[in-house]
**Student:** 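Take this structure first; my questions come after.
Read the numbers this way: they start at 1 and go in the same order the structure lists the ligands and their atoms. Numbering starts at 1 and runs along the sequence shown.
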Amino acid sequence: MTPALETRNLKKSFGGFLATNDVSLTIAQGARHALIGPNGAGKTTIINLLTGVLAPTAGRVLLHGEDITALSVHARVGKGLSRTFQINQLFGDFTPLDSIMLAISERQRRGGKGLVALASQKDLIEESAALLESFRLADVMAQPTMLLPYGKQRLLEIALAIATRPRVLLLDEPAAGVPEEERHEVLATVRDLPSDVTVVLIEHDMDLVFSFADRISVLAQGAMFAEGTVDEISKDPGVKSIYLGEDA
Ligand code: ADP
Ligand code: MG
């Protein structure tokens, strides 16, 4: 079967520093694939290369077998590749309902209508409310996003990515910075993502990684260090050693 997502000999150099060093990565269709590694290993850089935020110095990116290396971020989203950002980028004044309606109408190319016009479209409201419900956001959907607990904001980021109906979803540390009492909600939502969406997860919480992933790739200093099943990676002494000295 053609992989959902693939990199071939991917390289990214920042002024001579190789943040991505010859990475060839294969993400199977429908996979729950975790990308782990110490801080500075180059995980976010790879996500930026996959999504088109950064252009590689060398190498290629393939989505369902199609070379997308030269495509813009927007064109890649149109082909079914979506992400959430590690740093919260939500419009603070908007409510979750506003944001989700805008995201769905953008996907459906209803565009250019403004929130008031969108709010009169019953089917759009219904789809938005259902999505918010499944992302545990129903109780806060009419509140300004900036006033929401941080965990709810992270849930909204994931819901917004899903609203684009991705075939492949990239999650960069979805639980980072979320207070302990809200973490379980974010983790449960990640575990409950639709099974037809291929998910690539970057995460420091090894309990989440081991309970979520069916395949794990380990990066160190920009290069692929190890790859395998949860069982293989959790028992790999080499993988443990690259985390030594880290407070993760
Ligand atoms: P991770 O997400 O695994 O913590 P990153 O991909 O953010 O790692 O960073 C990998 C390395 O690349 C780090 O040493 C970081 O300082 C460097 N780096 C990332 N982005 C840039 C940039 N725009 N310019 C220069 N160096 C960068
Ligand atoms: Mg990172």
Side-chain angles (χ1 to χ4, degrees), residues 5-27 31-61 68-70 72-73 76 81-90 150-151 153-155 157-158 160-161 166 168-179 183 186-187 190 198-210 212-213 215-228 230 233-234 236 238-248:
L5 192 59
E6 228 182 316
T7 71
R8 292 195 188 152
N9 305 105
L10 206 59
K11 286 190 184 137
K12 181 64 186 177
S13 143
F14 293 114
F17 171 76
L18 264 184
T20 307
N21 187 1
D22 205 25
V23 171
S24 294
L25 180 65
T26 300
I27 313 287
R32 293 288 178 270
H33 199 122
L35 186 58
I36 66 171
N39 273 319
K43 304 180 296 294
T44 296
T45 301
I46 288 197
I47 298 289
N48 286 332
L49 293 168
L50 289 171
T51 53
V53 170
L54 290 171
T57 307
R60 305 202 295 145
V61 179
I68 58 163
T69 316
S72 68
V73 174
R76 293 180 203 208
L81 180 63
S82 276
R83 76 173 313 171
T84 61
F85 287 84
Q86 190 175 355
I87 297 163
N88 194 284
Q89 301 195 325
L90 303 171
Y150 191 60
Q153 298 188 15
R154 300 310 305 258
L155 291 176
E157 292 178 336
I158 304 172
L160 282 169
V168 181
L169 176 64
L170 311 175
L171 297 170
D172 193 352
E173 300 196 28
V178 176
R183 283 181 70 81
V186 176
L187 306 190
V190 170
T198 302
V199 183
V200 180
L201 173 73
I202 294 178
E203 182 52 55
H204 267 298
D205 183 328
M206 285 305 145
D207 290 337
L208 174 58
V209 167
F210 292 152
F212 169 86
R215 191 110 196 131
I216 301 177
S217 298
V218 187
L219 276 178
Q221 298 179 352
M224 195 56 72
F225 182 84
E227 194 184 295
V230 170
I233 296 299
S234 62
D236 187 326
V239 171
K240 282 193 186 117
S241 74
I242 63 166
Y243 278 98
L244 288 180
E246 256 232 340
D247 211 9

**Student:** Could a heavy atom of G37 be found less than 4.0 Å from some atom of ligand 1?
**Tutor:** no
**Student:** Within ligand 1, which atoms have a heavy atom of N39 less than 4.0 Å away?
**Tutor:** 4 (O)
**Student:** Could you measure the distance from the OG1 atom of T44 to the CD atom of E173? Nearest 0.5 Å is fine.
**Tutor:** 6.0 Å
**Student:** Do you know which of L35, D236, V239 makes side-chain contact (heavy atoms from CB on, under 4.5 Å) with V218?
**Tutor:** V239
**Student:** Indicate yes or no: does an N/O atom of A19 lie under 3.5 Å from an N/O atom of ligand 1?
**Tutor:**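 Min N/O separation from ligand 1 is not below 3.5 Å for A19.
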**Student:** Among T20, T57, L54, find the residue that satisfies the side-chain contact (heavy atoms from CB on, under 4.5 Å) test when tested with F14.
**Tutor:** L54
**Student:** State whether the shortest distance between N or O atoms of A41 and N or O atoms of ligand 1 falls below 3.5 angstrom.
**Tutor:**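 It does: an N or O of A41 is found under 3.5 Å from an N or O of ligand 1.
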**Student:** Identify the two heavy atoms, one from R76 and one from T69, that lie closest to each other, and give their separation to 0.1 Å.
**Tutor:** NH2-O, 2.9 Å
**Student:** Identify the heavy atoms of T7 and V23 that sit nearest to each other, and give their distance.
**Tutor:** OG1-O, 2.8 Å
**Student:** Just wondering, is there an N, O or S atom on T44 that's nearer than 2.8 Å to the Mg ion (ligand 2)?
**Tutor:**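 T44 does place an N, O or S atom closer than 2.8 Å to the Mg ion (ligand 2).
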**Student:** Please list, in number order, the atoms of ligand 1 under 4.0 Å from a heavy atom of F17.
**Tutor:** 11 (C), 12 (O), 14 (O), 17 (C)
**Student:** Ignoring hydrogens, just give me the one of A220, G222, G42 whose non-hydrogen atom is nearest atom 8 (O) of ligand 1.
**Tutor:** G42
**Student:** At what distance, to the nearest 0.5 angstrom, does CG of D172 lie from CG of N48?
**Tutor:** 8.0 Å
